Asker: 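Quick one: this structure, given as structure tokens, is what I'll be asking you about.
These values consider heavy atoms only, across backbone and side chains, with no hydrogens, waters or symmetry-generated copies. Small disclaimer: the values here were computed from a predicted structure and weren't measured.
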Amino acid sequence: MTEQEYIAEIKKVHKSEQSEYLLEQLYAVKPVRLSWYISKARDMWKKAMPVESIFSLLADKGWHLFPYPGIQELTELYMDLVSSYQDTIDTKRHKVLYIKMCKNRTKEEEEWMMEMNRHFHQKKMDFIKNPESSQIAGQLLDFYFIFQDNVVFCLLAAYMQKKNMQLPNGREWFLDFTNSGFLQENLSESSKTPFIVFEDENKNGLDEQIIVYILKQFQKEIYYIKSPIEFEVTHEIDIEDTVSVSIESIEQKENIYTIYPASLVCEKKPLGDNREYILTYLLQNNIKNRFAVVFATGIIIDNLCCQLVLKKHLERLYNMTSPLLESQMVFGWAGNYLSYISQVHDTDAAKLLAQSAECSYSIIVPARNSAGTLRYTLMSCLNQRYQGNYEIVLSDNSTPGNTEVYQLYKELDDPRIKYYKTPREYNLSRSFEFAFLQARGEFLLSLGSDDALLPWTLEVLHELRKSYPNENVIQWERGFYAWPGFNGGQQHQFVIPRNYQKGSFCQEYVSQQFYFGSIFNNSDQMYLLPNLYLNSGCRRDYLKMILAKTGRLFDGICQDIYMGVVNVAINDKVLNIRYPLSIAGMSGGSMGAKANMIYALKKEEANFLNELKKTANIGGYCASPYERMMPQVTTDKSSLYNCILRMIARGVITESDLEHFDFRKWFLDVFSQMDIRDPLFDKKVHYFRYTASLHGEEFLKWFDETIYHKALTPRKIDEKKLTAIQQKKCYKEGTDAYGGQTLDASKYEVYNVYDASLLFEKLSGL
């Protein structure tokens with residue numbers, strides 16, 4: 001079947017009385033295209049099924065990046081659905097978004113859009129003149145909803161609540177976006193966080209005026225950076241030297257500081273403006289040792305984030321949802337990172353980081369709803385030959401109401417286990433960051449709640465560190481264990497990497513060049529990076545070095561690969577031992593495994609997406625402009641390349657290195673991990689294509705010929721045969737050339753990672 005034939009079959013569905021049967025037949029053809037979901041939704045609507053279930057089916061299936069096949073039909077369907085319950089405002093929202101996306105608009109669409117823009121402009125003017133009118137505020141709120149402006153909508157909604165104005169029902173979901181909780185927390189009257197508002201010279205300044213007015217009502221400290229004033233100069237000068245002029249001309253009225261940037265032009269050639277230097281000055285002087293919330297259009301904040309002087313001190317927090325909306329207001333934080341995460345973690349991060357060690361080692365175990373496997377992880381941590389002083393930092397990031405981790409802590413009742421409950425639900429990076437901040441050991445190592453330490457781990461580290469007392473990072477080898485039920489035929493796999501001699505650590509330094517060369521040559525080597533998780537640990541003071549070099553602690557799209565890239569990027573070499581200290585356990589509860597799963601079942605897919613949304617409310621990950629050069633499709637390979645690009649965003653790797661990256665190889669590498677059975681495959685492929693377009697026409701042509709057209713070729717998948725293959729044992733038992741062993745752990749009556757650690761001890765003789 002060709003793609004054209006597939007689309008033709010989809011179109012036949014609505015003419016048939018056997019629509020449901022035909023749709024089920026076509027669902028067996030992969031990849032499932034957006035047009036199939038639209039047809040299925042239309043069929044459900046025709047049969048008077050609940051609108052909520054139809055929206056659930058369509059959730060996250062399309063993305064308004066560009067007008068790719070099915071997007072127009074999806075928009076029309078949404079308009080029909082919301083019209084069915086008389087929500088004319090939401091109907092207009094979908095229409096605006098679609099018309100914005102269209103390159104070839106009809107005359108009627110152009111006129112309608114002009115009329116909508118005119119009304120929106122008038123409502124802004126009305127509000128500025130009469131902000132106390134609940135009717136005007138409500139009408140303006142509708143327009144921010146129509147024009148998909150989450151950020152100003154959120155601010156205006158908070159203002160209306162403060163003024164006891166009535167908010168429209170059914171719009172609560174519009175307030176739920178990445179880091180929306182962070183924004184709302186800083187709007188509260190108890191928060192003393194300052195705000196910085198950048199005016200966009202390509203707009204009329206009304207949004208910025210409204211934001212400043214609203215912030216004033218919340219009695220905030222506001223720095224209002226106006227559009228740059230153009231100055232003609234006779235010769236090129238250092239733009240940084242103009243900052244003093246802008247600062248000296250600050251206008252203060254109550255708690256609002258208005259600043260006028262300078263833009264220089266020499267012989268009709270623009271030299272740029274001094275906004276990044278003004279922001280740097282404010283951070284070093286007015287906002288010293290604090291952080292500020294920054295409002296700017298997506299275009300301006302991305303430009304500021306790319307300036308070298310700000311790379312470590314500014315971060316966008318609102319994700320790019322569509323290039324069509326980047327002229328709207330977004331937000332971020334700027335200033336002192338420890339001050340920022342102190343709010344995220346509801347603690348004093350600077351104080352925690354500065355505290356002296358209270359024990360020799362901290363074994364850090366972040367956990368989330370994982371008491372079943374965690375029990376055995378903790379048992380392995382308690383089963384250490386080392387007789388010195390160590391702690392187990394158990395950080396409970398479980399969902400509200402789930403007390404299983406706490407109950408396990410109480411049951412084990414061991415003074416070495418220090419229990420901490422996270423103040424909110426975190427993503428993996430924030431969860432690890434919170435846990436590391438609680439640690440009081442001289443040397444820190446971490447593992448997941450389905451992994452294990454081998455009995456000699458701390459004993460070996462202690463002996464090794466006598467010879468290398470000042471080594472920041474130490475890396476070791478690890479075994480592998482697949483828990484029962486993991487990945488079908490992989491379950492029970494147990495690996496001892498090589499033959500070891502007791503006490504022979506075979507220590508050596510591995511160079512930065514070798515690490516990067518390895519992952520650029522073969523991305524599968526990414527887990528050989530020193531990740532500060534399972535395969536490596538660090539001195540407590542090393543966290544301060546990470547902060548100084550990157551401007552962050554734990555960051556990026558995933559904590560392990562990100563920290564591996566960081567550790568290689570900021571160290572010329574890392575001490576390695578060819579000696580096993582841990583076991584990587586993989587279970588169905590592994591968050592890393594979940595991120596790489598294909599969610600064939602709609603319920604599993606919805607649960608995973610909801611999990612991501614819940615943990616992104618505060619401290620959520622937001623891609624830098626550099627990272628958007630690669631698609632983020634939640635595979636480990638896409639995460640690797642995102643993390644490398646994030647090093648450019650942090651100023652650790654130079655921007656000129658972009659020229660040396662083989663993006664074609666990277667795209668092929670990431671695409672190789674995608675599965676056409678993924679319900680979001682169609683969306684992801686078109687996300688790939690949008691990202692490819694950022695690299696220019698030649699790259700896009702290569703992408704279309706090499707990946708895009710082949711990816712969308714329909715094919716039937718024999719699910720029964722595939723399932724049978726997946727359930728078949730996928731590893732071969734035996735010994736390799738290095739003396740390493742691969743076994744079926746169940747043959748040794750091993751069904752958990754703690755018993756796997758004991759088996760490792762018995763078989764290795766270590």
Side-chain angles (χ1 to χ4, degrees), residues 51-52 54-56 58-65 74-75 77-101 116-117 119-120 123-124 127 134-163 165-188 207 210-211 214-215 218 293 295 297-298 316-332 606 609-610 612-618 620 622:
V51 173
E52 292 77 12
I54 301 174
F55 279 130
S56 178
L58 297 173
D60 294 298
K61 298 303 189 301
W63 194 350
H64 286 79
L65 293 168
L74 180 65
T75 307
L77 172 57
Y78 271 125
M79 286 193 288
D80 287 343
L81 289 171
V82 295
S83 295
S84 68
Y85 50 86
Q86 289 81 48
D87 192 340
T88 57
I89 302 299
D90 203 9
T91 303
K92 290 176 181 177
R93 181 177 68 88
H94 288 287
K95 187 173 181 179
V96 164
L97 189 57
Y98 175 71
I99 293 176
K100 275 189 173 186
M101 188 179 60
M116 289 297 294
N117 279 311
H119 282 305
F120 193 13
K123 295 303 176 186
K124 292 177 186 178
F127 179 81
S134 60
Q135 181 180 5
I136 290 173
Q139 291 171 346
L140 180 59
L141 191 73
D142 282 343
F143 269 94
Y144 278 119
F145 177 77
I146 290 169
F147 279 81
Q148 198 81 13
D149 194 327
N150 296 85
V151 174
V152 187
F153 181 96
C154 180
L155 291 173
L156 184 55
Y159 165 79
M160 292 174 67
Q161 285 180 314
K162 179 180 175 61
K163 295 291 186 179
M165 298 178 183
Q166 186 173 358
L167 293 172
N169 292 324
R171 299 283 186 259
E172 294 79 11
W173 63 271
F174 202 66
L175 295 169
D176 184 17
F177 49 85
T178 301
N179 292 306
S180 58
F182 168 81
L183 184 56
Q184 290 162 5
E185 275 194 8
N186 283 290
L187 282 176
S188 68
D207 289 329
I210 290 169
I211 289 174
I214 291 172
L215 294 176
F218 284 93
V293 176
F295 288 107
T297 61
R316 176 171 170 161
L317 292 177
Y318 182 86
N319 275 310
M320 193 279 291
T321 56
S322 170
L324 311 168
L325 303 176
E326 284 297 275
S327 61
Q328 293 180 349
M329 301 301 290
V330 302
F331 67 99
L609 293 172
N610 287 335
L612 292 181
K613 290 176 181 177
K614 279 194 302 182
T615 57
N617 192 255
I618 294 178
C622 181

Asker: Should the pair Phe145 and Trp173 be assigned to parallel (<30°), tilted (30 to 60°) or perpendicular (>60°) ring geometry?
Answerer: perpendicular

Asker: Could you report the tightest heavy-atom contact between Thr91 and Ser83, atom names first, then the distance?
Answerer: OG1-OG, 3.2 Å

Asker: Does Asp176 reach the side chain of Asn617, with side-chain heavy atoms less than 4.5 Å apart?
Answerer: yes

Asker: Using a strict cut-off of less than 4.0 Å between a Lys/Arg side-chain nitrogen and an Asp/Glu carboxylate oxygen, indicate whether Arg93 and Asp87 qualify as a salt bridge.
Answerer: no

Asker: Do you know the tightest heavy-atom contact between Gly62 and Leu74?
Answerer: CA-CD2, 4.0 Å

Asker: If you look at every heavy atom in Leu155 and Ile214, which pair is closest and at what distance?
Answerer: O-CG2, 3.7 Å

Asker: Roughly how far apart are Asp90 CG and Leu81 CG, rounded to 0.5 Å?
Answerer: 10.0 Å

Asker: As a quick check of understanding, evaluate side chain to side chain contact (heavy atoms under 4.5 Å, CB included) for Phe147 and Met116, giving each step before the final call.
Answerer: CA-CA 9 Å; Phe147 279 81; Met116 289 297 294; 4.1 Å; yes

Asker: Could you check if a side-chain atom of Leu183 sits within less than 4.5 angstrom of a side-chain atom of Asn179, using non-hydrogen atoms only?
Answerer: no

Asker: How long is the span from the CZ atom in Phe174 to the CG atom in Leu141, to the nearest 0.5 Å?
Answerer: 9.0 Å

Asker: Indicate whether the side chain of Asn150 and that of Tyr144 have a donor and an acceptor atom separated by less than 3.5 Å.
Answerer: no

Asker: How about Leu140 and Ile210: do any of their side-chain heavy atoms sit closer than 4.5 Å?
Answerer: yes

Asker: First locate atom CD1 of Ile146, then atom CG of Leu97, and finally report the distance between them rounded to the nearest 0.5 Å.
Answerer: 12.5 Å

Asker: Give the minimum heavy-atom separation between Ser84 and Val51, together with the two atoms involved.
Answerer: OG-CG2, 4.3 Å

Asker: Can the ring centres of Tyr318 and Phe182 be said to be less than 6.0 Å apart?
Answerer: no

Asker: Would Met79 and Tyr98 count as a side chain to side chain contact (heavy atoms under 4.5 Å, CB included) here? Give the steps.
Answerer: CA-CA 11 Å; Met79 286 193 288; Tyr98 175 71; 5.8 Å; no

Asker: Determine whether Thr297 and Val330 make a side-chain contact, defined as any pair of heavy atoms from C-beta on separated by less than 4.5 Å.
Answerer: no

Asker: What is the minimum heavy-atom distance between Leu187 and Leu215, and which atoms define it?
Answerer: CD2-CD2, 3.8 Å

Asker: Rounded to the nearest 0.5 Å, how far apart are CG of Asn319 and SG of Cys622?
Answerer: 4.0 Å

Asker: Can you find a heavy atom in the side chain of Val151 that is under 4.5 Å from one in the side chain of Phe295?
Answerer: yes

Asker: Mind checking the OG-CE spacing from Ser134 to Met160? Nearest 0.5 Å is all I need.
Answerer: 7.0 Å

Asker: When you look at Thr178 and Leu317, which way does the side chain to side chain contact (heavy atoms under 4.5 Å, CB included) test go after all the steps?
Answerer: CA-CA 7 Å; Thr178 301; Leu317 292 177; over 6 Å; no

Asker: Side-chain contact, heavy-atom cut-off 4.5 Å: Gln139 with Phe127?
Answerer: no

Asker: Does a salt bridge link Lys100 with Glu326, judged by any charged N lying under 4.0 Å from a carboxylate O?
Answerer: no

Asker: Between Gln161 and Leu156, is there a donor-acceptor pair closer than 3.5 Å when you use the side chain of the first and the backbone of the second?
Answerer: no

Asker: I want to check something: taking the side chain as every heavy atom from C-beta on, are Ser180 and Leu175 in contact at a cut-off of under 4.5 Å?
Answerer: no

Asker: Does the side chain of Phe331 reach to within under 4.5 Å of the side chain of Met329, using non-hydrogen atoms?
Answerer: no

Asker: Working to the nearest 0.5 Å, report the span between CG of Leu65 and CE of Met320.
Answerer: 6.0 Å

Asker: Would His64 and Thr321 count as having a side-chain donor-acceptor pair, cut-off 3.5 Å?
Answerer: no

Asker: Would you sort out whether Phe55 and Tyr78 count as a ring pair (Phe, Tyr, Trp, His ring centres under 6.0 Å), showing the intermediate values?
Answerer: CA-CA 9 Å; Phe55 279 130; Tyr78 271 125; 5.7 Å; yes

